[in-house]
Participant: 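Sending over a structure as C-alpha cells; questions will come in a sec.
Each chain gets a letter, A, B and so on, in the order its sequence line appears, and its residues count up from 1.
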Amino acid sequence: MENYNHLKIEKKWQKEWEKSGIFKSPSKSKKKKFYSLIEFPYPSGEGLHVGHVRSNTAMDIISRKRRMEGFNVLYPIGWDAFGLPTENYAIKTSTPPEIVTKINTDNFRRQLKSLGFSFDWDREINTTDPKYYKWTQWIFLQMYKKGLAYKKKMIINWCPKDKIGLANEEVINGCCERCGTLVEKKEKEQWMLAITKYTERLHKDLDEVDYLPQIKTQQRNWIGKSEGAEIKFKIEKSKVKVGEVEVFTTRPDTIFGATYVVLSPEHELIEEFKNQNSKIKIDNLDEVLDYVAGAKKKDDIERTAEGKEKTGVEIKGIKAINSANGEEIPVWVADYVLVYYGTGAVMAVPAHDERDFEFATKYNLPIKEVIKNTSFPDACFLDEGILVNSSKFDGRNSEEVKKDITKFVGGEWVTKFKLRDWVFSRQRYWGEPIPLVHCEKCGTVPLPEKDLPLKLPKVDKYEPTDTGESPLANISKWVNTKCPKCKGNAKRETDTMPQWAGSSWYYLRYTDPKNNKKFADPKNLKYFTPVDWYNGGMEHTTLHLLYSRFWHKFLYDLKLVPTKEPYKKRTSHGMILAGGGEKMSKSKGNVVNPDTIVWTYGADTLRLYEMFMGPFDQSISWAEENIVGVRRFIERVWKIGNTYDFGNRTSKALESVLHKTVKKVSDDIETMSFNTAISSMMILVNEIEKEKKISKKDFEVFLKILSPFSPHLSEELWSILGNKKSISLEKWPKAVISKMEESEVTIAVQINGKFRAKFRAKKGVKTSEIEELVKGLEEVSKWLKGKKILKVVNIPDILVNFVTE
RNA sequence: GCCGGGAUGGCGGAAUUGGUAGACGCGCACGACUCAAAAUCGUGUGUCGAAAGACAUGGGAGUUCGAUUCUCCCUCCCGGCACCA
C-alpha cells in the first residue's frame, strides 16, 4: 500500500472533475433544482481566509449531498470585487484597480480550486465586469424611473480619512466601519434609495421565510417597528392659536401626564420662528437659534457621549396645549429628541419616561403621575398599569385605553419604523458609475439602455478629492457629454454606487450569467430561484440581507423575478478566530493561510478539520494541533480501503453501527451539525477496525456518506475498489431502520435516582422480569437490602429506578 | 440600558419530548514495535479517595423518583442595537 499522498490524489481528482464537468448545472433539466449559495467573496489582497473555507465547505457538503439525492444543484461562485481596499491599494501602488482585482481573483480562484469545492465554474461572475455592472446600472435606472432613487441635500456621515460618505449602517459607534476614523458631518447632495417604501413588506414577509431566529430578530430590530399615536398639540401665543405641533408616542395612555413638549433642533417649526411674517413670534429667538446651531455642529458622538447629560432651551413666548386636559404647557427644544424619528417632536411625560424624567429633574419641570405606582416621585415608572389623574380614564388599564385616548384627543393610530432611506452615492472611483446625466435644460436624465454599460473611464489618479467629489469629476472628457434627450451640453453624474449594489442582485445573475439582453432569462429565473439555502456571516444580516431583499421586492413588483423573497432559507456561520480568541488580522500577524494547510495536510484534512472543530454557528479559535486528529482518521480510512480483504459479510453489530451512522450523518448535514456527523463516522471506523472485517458493499456505503466531507479521498478509494464512475454520481444511501435495531439493550439501574448498575437484556423486557433480574445483581441487592421499595419507575429498554424509603 | 447567544475535564466539544454526564478528537501517562527516535498499535485518563464511595455541567434556590436539560434569582463572556419617544 502506498502512503496517502494528498498532493497527488487531490490534484488528480480536481482535474478529473473539471474534465468531466459533473458539477455543472444545466439551466434546462427534468430534475428538481436545488440552489445553494454562499456569500461571494471580496477578493482581497490577503487571499482566502480560513473562514471562507469553513462556510464554503459547509455548503459544498450540502450541495454534494443534494446532487447524490438526485437534484440538479446550482452551487455558483463569483467575486464581489468593487470596494475600498482595492482602491486604496491602487492608490498606494499606482496600479489600476482592475489589474489588482485580476491578480486577486486569480489567486482566490486557484485557492478555491485547490479545496475541491463543487462550484459550477462556468457561471463565475465579477461585479466589476462591465457586462455585469451594466445590469446593476440598469436596475438602478428602473428604480430611478419609479421614483425610488432621488437626490437629497443632507447631512451625511463623512469619513475624513477615506474621504467618503457613509450610510448610517456603515457608522459604528460614530466611527467609520472600515478604518475606525471618527466620522464627521458634512452637508452634501446624495443619491438616496427609498428603501423605506418597502419597510412594511420587508418586516412582514420575514414571517414567510426560513431564517435562523436570531437573523429574523436582528432584521426586525433594525427595521424597528413600533405602533403608537400621532397627536396634535395646539401652539398658542397669549391664548390665541398660532400653530400646532404633532408628536408621536407609543404611550398615549400617559398623555394626561405630559407636562411639556420638546422639539428637535432640526424641527421645521424652528425655521418658522425666524420668518418675520410668521404668526409665531417667540421671545428668546437668539437663545434658541444659538442652541440649535450648537446642536447641529455636534456630531452624533458628541450628542450621545458628553456623559449623556441632556441639554435644552425653553422656547419662550409660546405655549402648547395638552390636548387631553387643555393645560398650558411649555415648549422646549432639546437635542435628545431626534428629527428623523417619529415626527421630530415629543410630548414629555417625566413621570413615566426615563429621558423626560432626567430632563425634567434637571430643569425643574413638573412631574405628574398618571400611572399608579409606589416609587413615585423618586423615580419614573415605565411599566403600563392603572391610570390615575386622567379624568374619565381613571382606573382603567394602559393597554385598553391607548386607542380610546388617541381617539379622544383626535389623534391617529400609526406604525413607525426606525429604518431610514439608503444613502446610495459614494464619492469614489472603484464602483459602478451612476448612469445619469445632468442637463441644464432637461434636468437629470437617465442614460438610455443602449448606452449601458456606462464604463468607468481610465484615470491617472484614484485619490478622492478634498472637496468631497469623486475622482471622476476631474476627467472633463468623461464628465462633459451630450444630453440623451435634447442633445445639448450636459454633465455626467460623478458619484459611484456603494459596494452593496452589486451584491444586491448577484444571485439572480448566476442563473444566466452570460446573457447580454437581460439581467437573466425569465425561464432560468423561474427554474432556479428562489435560492433554497443561503449561508453567510452574521455581520451581513442587517445590511446585505436587507438591501438585497429590497432590490428583489422591487424587481418582483416589476414582474421581473418570480418570487417575493430571494432566499428561502438563511443560516449563518461562526467566525474563525486566531488562537487567543482574537480576530485574525494582518497587523497582528496571526492569519492562517489555507495554502499551507493544503500543502502539508491536504484539502480533505482542512475541510474535515474545519467541520469538526466545533458547532458551525459558533465562533471558534483556530487550533493547529488538532488537525492531526482528522488527518489520522483519513489515513485509517485509506488503510482500510487499501489493505482489507473485503468479504461479502458484515457482522450484525457492525451493520447496525453502519446504518445508525448513515442516519446520523444524513440528519446532521441538514442541521449543519457537521462536527457530530464526523464524530459518528469516526466511531464507525473504530468499530470496523475492531472487527477487521466489513463487506465491500457496506464499506462503499460508508465512502458515499464520507464523500461530501472528503471528496478526494472518497473518489480515490471508490476507484481503487473498481468503480468506474465518480462517487459523486452515486445515490445517497438510505439508513435501513430494521438493520439499526439490536435485539439486546443495556438497561441502567438507579436506586433513588442514582446510577448503580447496568445490565443487558432482551428488548422489550417487562418490569416484573426486570425486578427479578436486577435483584440478583450484587451492586443492586446491597442497596436494596432491608429497604422497602416504594415505587419502581421503568423507562422501557433504557432505565429502571427503584425508589426506597 | 435593550435585544440575541453562551458558560460542561488540561483543551475543542458531545448529550434536551427530563432518563447511565463527559461521545468523538487533541493532549497526557504507561505498554508493544525499534539499536534509537518518529510514525503506528494497545491500555488508561473528570476531581478527591488505597478502596468502598463521595463530589462534579458558572453561582444560588425550586419542581421531580430522576435536572447539563424545566422555573425563578444572580455573576461573567461574546455578538448586535443604542436618547427610536
Participant: Determine the Euclidean distance between corresponding P atoms of B/A23 and B/G13; express it in Å to zero decimal places.
Facilitator: 15 Å
Participant: Starting from P on B/G1, measure out to NZ on A/Lys310 and report it in whole angstrom.
Facilitator: 15 Å
Participant: Looking only at atom C1', what distance separates B/G9 and B/A21, rounded to whole Å?
Facilitator: 11 Å
Participant: Which nucleotide, B/C65, B/A54, B/G13, lies nearest any side-chain atom of A/Trp783?
Facilitator: B/A54
Participant: Once hydrogens and angles are ignored, does a donor-acceptor distance under 3.5 Å link the base of B/G19 to the side chain of A/Gln750?
Facilitator: yes
Participant: Using a 3.5 Å distance criterion without hydrogens, assess whether the side chain of A/Arg549 forms a donor-acceptor pair with backbone atoms of A/Leu202.
Facilitator: yes
Participant: If you count the non-hydrogen atoms of other residues, nucleotides and ligands that lie under 6.0 Å from NZ in A/Lys216, is the total more than 12?
Facilitator: yes
Participant: For A/Arg220, report the nucleic acid contact type (base, sugar-phosphate, nothing); a contact means any heavy atom under 4.0 Å.
Facilitator: nothing
Participant: Reading RNA chain B from 5' onward, which residue's closest nucleotide shows up sooner: A/Pro615 or A/Arg632?
Facilitator: A/Pro615
Participant: Look at all strands and tell whether A/Asn221 reaches a base, only sugar-phosphate, or nothing, counting heavy atoms closer than 4.0 Å.
Facilitator: sugar-phosphate
Participant: If you only use heavy atoms from C-beta on, which nucleotide in B/G25, B/A21, B/G66 is closest to the side chain of A/Met682?
Facilitator: B/G25
Participant: Over all heavy atoms of both residues, which pair between A/Met740 and A/Ala735 is shortest? Give the atoms and the distance, please.
Facilitator: SD-CB, 4.2 Å
Participant: Atom CD1 of A/Ile215 to atom P of B/G5: distance rounded to whole Å?
Facilitator: 13 Å
Participant: Are A/Ile231 and A/Glu246 side-chain neighbours, meaning at least one heavy-atom pair lies under 4.5 Å?
Facilitator: no
